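Scroll down for the structure; my scribbles are underneath it.
Just so it is clear, the structure is predicted and the values come from calculations on it, not from any experiment. Both counts, for ligands and for their atoms, begin at 1 and track the order of listing.
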Amino acid sequence: MIELSTGVKMKDSDFRRIKEYIENEVGIKLPYIKKTMVESRLNKRRNAVGVQTFNEYLDHVFAPGVGKVELINMIDAVTTNKTDFFREPEHFHFLTTQVLPSYADKNNLKYIKLWSAGCSTGEEAYTTCMVLNDYLRSHPSFHYNILATDISTEVLRKGMNAVYSMERVAKIPLETKKRYLLKSKDKTKNTVRIIPELRKKVTFQQLNFMDDYYDISYKFDVVFCRNVLIYFNKPTQEKVIRKISRKIKTGGYLFLGHSETIIDMKLPLKQLGPTIFQKIDA
Ligand SMILES: C[S@@+](CC[C@H](N)C(=O)[O-])C[C@H]1O[C@@H](n2cnc3c(N)ncnc32)[C@H](O)[C@@H]1O
């Protein structure tokens, strides 16, 4: 039996292979400073595949056909999935005070479609569900559904499962927790699950922002694409937001992360607030 080392050093040439692939195919910048992080995350994958060196691991990953599954694991390992419930709460405030009332006024427009683009493990989509369901209590004729997409299959699986640790849900207001979370029957687990009524509202789907065409057959009223663009270079950011804009209805809304901007980009979007945009006719 071959003895596998737990942590081997990654050669610069191996890092360059990974960097080139990730930057071209996923859009994420991988500066040299990230090498230690990539090395540590991919050592686990190298061990799982059962090879001694990163060179062998990458040959396996990039081998036509056979590496497809491991390619997804490699992308999963290098993406940053940091997220939270009720992250950047001003967007949810804007949703309930500006966006939803404007829809409630339009008699025949009470079905809104939302997209959590770069959804990670689902916290953004389920926060939106909680906020919308609260609104629904006083506006029962109002309906919505949410598409949640990400490149990482691992985060999509967690989002679909909708099970979170108690620490992860600590920021959710108590009343909201009581309404929308179920405690695990197994007392040793210390986890909660999103109630089925909210889980039914969200569809998880894999989508790579780098794809030429986004395979979604309808347009959205509201898109959250938050804390995703920061990982891309400027030309990629512009291309991605242009493709996302095509999927927003005229008059619909786009929310970006707090440190993201589309300044100097020629896009059919009007700025309403620091990270809030409205789609205009191109
Ligand atoms: C930092 S998380 C942001 C999650 C959430 N939007 C938020 O603000 O809390 C960024 C997500 O973007 C996803 N992502 C990165 N590159 C992507 C790509 N090319 N296509 C689709 N998703 C991508 C990552 O997998 C990750 O889950």
Atoms of ligand 1, numbered as shown, that sit under 4.0 Å from any heavy atom of [X]:
| X | result |
| --- | --- |
| Thr79 | 25 (O) |
| Ser120 | 4 (C), 27 (O) |
| Lys82 | 1 (C), 2 (S), 3 (C), 4 (C), 9 (O) |
| Glu124 | 5 (C), 6 (N), 7 (C), 8 (O) |
| Leu207 | 20 (N), 21 (C) |
| Ile28 | 15 (C), 16 (N) |
| Thr83 | 4 (C), 5 (C), 7 (C), 9 (O) |

Which residue and non-hydrogen atom of the protein lie closest to [atom], and at what distance in Å?
| atom | result |
| --- | --- |
| atom 17 (C) of ligand 1 | Ile151 CG2, 3.7 Å |
| atom 19 (N) of ligand 1 | Val26 O, 2.7 Å |
| atom 27 (O) of ligand 1 | Asp150 OD2, 2.7 Å |
| atom 7 (C) of ligand 1 | Arg87 NH1, 3.2 Å |
| atom 5 (C) of ligand 1 | Gly118 O, 3.4 Å |
| atom 20 (N) of ligand 1 | Phe209 N, 2.9 Å |
| atom 12 (O) of ligand 1 | Val228 CG2, 3.7 Å |

Response to the item:
Nearest heavy atom to atom 3 (C) of ligand 1, choosing from Glu260, Arg226, His91, belongs to Arg226

Practice prompt. List the atom of Gly118, the atom of Asp150, and the distance in Å for their closest heavy-atom pair.
Written response: C-OD2, 3.5 Å

Worksheet item: Looking only at heavy atoms, which two atoms of Met74 and Tyr21 are closest? And how far apart?
Response: CE-CD2, 3.9 Å

Discussion item. According to a hydrophobic-cluster definition based on side-chain heavy atoms being under 4.5 Å apart (Ile, Leu, Val, Met, Phe, Trp, Tyr only), do Tyr218 and Ile244 belong together?
Written reply: yes

Item to complete: Indicate yes or no: does an N/O atom of Gly27 lie under 3.5 Å from an N/O atom of ligand 1?
Response: no

Discussion item. Geometry only, no angles: is Asn227 polar-contacting ligand 1 at N/O separations under 3.5 Å?
Written reply: yes

Just say parallel, tilted or perpendicular for the rings of [X] and [Y], cut-offs at 30° and 60°.
| X | Y | answer |
| --- | --- | --- |
| Tyr111 | His143 | tilted |
| Tyr253 | Phe94 | perpendicular |
| Phe54 | Tyr57 | perpendicular |

Worksheet entry | Lys29 and Thr236, any side-chain heavy atoms less than 4.5 Å apart | no

Note: [X]-[Y] ion pair, threshold 4.0 Å (strictly below):
| X | Y | answer |
| --- | --- | --- |
| Lys9 | Glu39 | yes |
| Glu123 | Arg168 | yes |
| Arg45 | Asp76 | no |
| Arg242 | Glu238 | yes |

